[in-house]
Protein chains: 2
Amino acid sequence: MALAKPTPSSLSELEFISRRLEEDIALGRILPRERLIEEELADRFKVNRHVIRQVLSDLEGIGIIVRQRNKGATVRDLTPVDVENIYSVRELLEGKAAEMIKLPPDPAVLAELKDIHRRHSAAAASGNFTDVFRLNLLFHKTFFAACGNPQLAEAIQNFALKAHIARSLTISDPALLKRAVGEHGQMIQLMEAGDRKRFVKMVVDHIIPSKDAYMENYRRRFGMAKP
Amino acid sequence: MALAKPTPSSLSELEFISRRLEEDIALGRILPRERLIEEELADRFKVNRHVIRQVLSDLEGIGIIVRQRNKGATVRDLTPVDVENIYSVRELLEGKAAEMIKLPPDPAVLAELKDIHRRHSAAAASGNFTDVFRLNLLFHKTFFAACGNPQLAEAIQNFALKAHIARSLTISDPALLKRAVGEHGQMIQLMEAGDRKRFVKMVVDHIIPSKDAYMENYRRRFGMAKP
DNA sequence: CACGACAGGATTGTCAACAAAATAGACAAT
DNA sequence: ATTGTCTATTTTGTTGACAATCCTGTCGTG
């Protein structure tokens, strides 16, 4: 998992840096409202400032950073209302995808999911949050790709990324992590069992704890008042 | 509606050019698989090539053009499967939004929709396709913004844009256009009547004719065979 | 005639320098 | 103590030139 800069050409270089920044944001290494300064990033990734510029533009398109003309980029600061809205769409999209996934699933897909799940569990057990993050992403990507509609899968991916900003402050909570890993295991079991109804419910419910954690964390920081 | 380049600074300039290219693609002035050459566009819009580069990158992110390294950008060529997939997501998102829109609607929103509808009808009657396109976009944008979830509204907007590539070959069909305008009128009526069930069905069914038109056009060009 | 190597032109990718704008800090005035 | 204003510094935006890559047509060779 520890990748060095693999890139001969820079189309993948953009991807690499984007992923890395998404990761930093999701893991709370860069916090909401924090500034992202082009030259600093250029130095850090040993790359021309223009590459960073492009990356920031992409991240803005995805919706995880905000840019103001002549003022630079900051990590987007989601309000509870934003978070509710994002999770509401996620529920819709992921529920639909869960209804579309063939049950029982394609053996190759199932095997891949099991493998990722195994590695994800291991990373969680050893407290390697970076790997946990990547493998969680990979699990969901592989999982939803199985719905057969790449457009839908991509939209799910995009909204999951947005939600990651909201999760950044609570993502390293061991209890949440343990629960998520367990739920992945259950999802696999329900797939094999071919129990559509419980499977769909499991998928939809799976995203709730992280939202709740955000909300609780927010209340703890700002009080009960709904602004 | 005939806007001149309004832009003092170039953040809005990007928007302006993006919209213009989207329009050209949607109206079939630039066809699927057609190349988009950076320098040509730079000349056309009297702007530096870097600006075009940025725009192309954005359009790639939206998914209406495809870029290959060192080979340039082309308008994305959707397959019938792509189109089915896109419309399937549109149905899901727009149906959900229709369920969320307050009925009867906010008077201000209703008034705005009626005004746009009136202008849209007029443009359709006079055969001004550019205005038809813009006003149709505006109608849907205003309409779905009323669902109260900006994240959902944005996703709907994005998928509608993708669908526009598919519509480009049939967008100027007068029968389709007349039907669409009529359906907008009905949507407004059902909103006022507060008839949720028929309203939602109307919204979901509204997107079907354009998909059917694409499919028929595709069959006419390539035969019945499903590739 | 078919095929492949090789130029030449067209197109995209990268970079470094310059211009414009915004921020931060010092200092003065209320 | 707070606000306002000016200047120096930081940061972002824009441009032109150059490098790398790909495509096209041509020519020679079997």
Side-chain angles (χ1 to χ4, degrees), chain A residues 4-22 24-25 29-77, chain B residues 4-22 24-25 29-77:
Chain A
K5 216 160 92 174
T7 160
S9 64
S10 114
L11 201 68
S12 46
E13 181 139 68
L14 289 182
E15 288 291 309
F16 176 79
I17 299 175
S18 290
R19 296 283 151 74
R20 197 56 175 272
L21 285 178
E22 287 165 4
D24 285 344
I25 292 169
R29 296 196 274 248
I30 309 177
L31 294 173
R33 293 195 299 273
E34 186 168 342
R35 258 186 101 178
L36 298 168
I37 289 161
E38 296 180 355
E39 202 152 353
E40 278 180 12
L41 294 172
D43 286 348
R44 170 176 163 198
F45 290 107
K46 308 291 181 218
V47 97
N48 195 289
R49 193 158 66 85
H50 287 74
V51 178
I52 299 296
R53 218 142 215 292
Q54 178 65 53
V55 167
L56 292 181
S57 176
D58 291 351
L59 294 180
E60 184 186 25
I62 296 170
I64 70 179
I65 72 171
V66 174
R67 263 157 43 120
Q68 287 178 284
R69 189 180 173 74
N70 289 320
K71 295 186 68 177
T74 58
V75 175
R76 181 159 175 197
D77 188 29
Chain B
K5 216 157 96 176
T7 161
S9 62
S10 113
L11 201 68
S12 46
E13 181 140 66
L14 289 182
E15 289 291 308
F16 176 80
I17 298 176
S18 290
R19 296 283 149 74
R20 197 57 174 272
L21 285 178
E22 287 165 4
D24 286 344
I25 292 169
R29 296 196 275 248
I30 309 176
L31 293 173
R33 292 196 299 274
E34 186 169 342
R35 266 186 94 179
L36 298 168
I37 289 161
E38 296 179 356
E39 201 152 352
E40 279 180 10
L41 294 172
D43 287 348
R44 171 178 163 197
F45 289 108
K46 308 289 181 220
V47 97
N48 194 291
R49 192 159 67 86
H50 289 76
V51 178
I52 299 297
R53 222 144 210 293
Q54 177 66 53
V55 168
L56 292 181
S57 176
D58 290 352
L59 294 180
E60 184 187 23
I62 296 171
I64 69 179
I65 72 171
V66 175
R67 265 163 33 124
Q68 287 178 285
R69 189 178 173 75
N70 287 320
K71 295 183 68 178
T74 58
V75 175
R76 180 160 176 197
D77 188 29

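Protein chains get the first letters and strands the later ones, always in sequence-line order, with residue 1 at the start of each. Just so it is clear, the values below take in all heavy atoms, side chains as well, and ignore hydrogens, waters and symmetry mates.
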Original post:
How is Leu36(A) classified with respect to the nucleic acid when contacts are heavy atoms under 4.0 Å: base, sugar-phosphate, or nothing?
Top reply: sugar-phosphate
Subject >> Any donor-acceptor N/O pair under 3.5 Å between dG16(D) base and Arg49(B) side chain >> reply: no
**OP:** Just do the side-chain contact (heavy atoms from CB on, under 4.5 Å) check on Arg44(A) and Leu21(A) with the steps written out, would you?
**Re:** CA-CA 11 Å; Arg44(A) 170 176 163 198; Leu21(A) 285 178; 4.1 Å; yes
**OP:** Using atom CZ of Arg67(A) as one end and atom P of dT11(D) as the other, report the distance to the nearest whole Å.
**Re:** 16 Å
Subject >> Between C1' of dT14(C) and CZ of Arg53(A), the distance in whole Å >> reply: 15 Å
Original post:
Rounded to the nearest Å, what distance is computed from the NZ atom of residue Lys46(A) to the P atom of nucleotide dC15(C)?
Top reply: 14 Å
Original post:
Leu56(B) CG to dT12(C) C1': how many Å, rounded?
Top reply: 11 Å
Original post:
Does His50(B) get its side chain close enough to the base of dG16(D), under 3.5 Å, for a donor-acceptor pair?
Top reply: yes
Original post:
Can you tell me how far P of dA22(C) sits from CD of Glu38(A), to the nearest Å?
Top reply: 15 Å
Original post:
Should the ring pair Phe16(A) and Phe45(A) be called parallel, tilted or perpendicular, given that the plane angle runs from 0 to 90° and is split at 30 and 60?
Top reply: perpendicular
**OP:** From the options dG13(D), dT12(C), dG13(C), select the nucleotide whose nearest atom is closest to the side chain of Glu39(B).
**Re:** dT12(C)
**OP:** Return the nearest nucleotide to the side chain of Arg69(A); candidates are dC22(D), dT11(C), dG13(D).
**Re:** dG13(D)
Original post:
Does the pair Arg35(A) and Thr74(A) meet the rule for a side-chain contact (heavy atoms from CB on, under 4.5 Å), with working shown?
Top reply: CA-CA 4 Å; Arg35(A) 258 186 101 178; Thr74(A) 58; 3.9 Å; yes
Original post:
Can you find a heavy atom in the side chain of Leu41(B) that is under 4.5 Å from one in the side chain of Leu56(B)?
Top reply: yes
Subject >> Rounded distance in Å - CD (Gln54(B)) to P (dT12(D)) >> reply: 15 Å
Original post:
In terms of the nearest nucleotide of DNA chain C, which residue is placed more toward the 5' end: Lys71(A) or Asn48(A)?
Top reply: Asn48(A)
Subject >> Separation of dT23(C) C1' from Arg35(A) CZ (nearest whole Å) >> reply: 8 Å
Original post:
To the nearest Å, how far apart are Asn70(B) CG and dT21(D) C1'?
Top reply: 4 Å
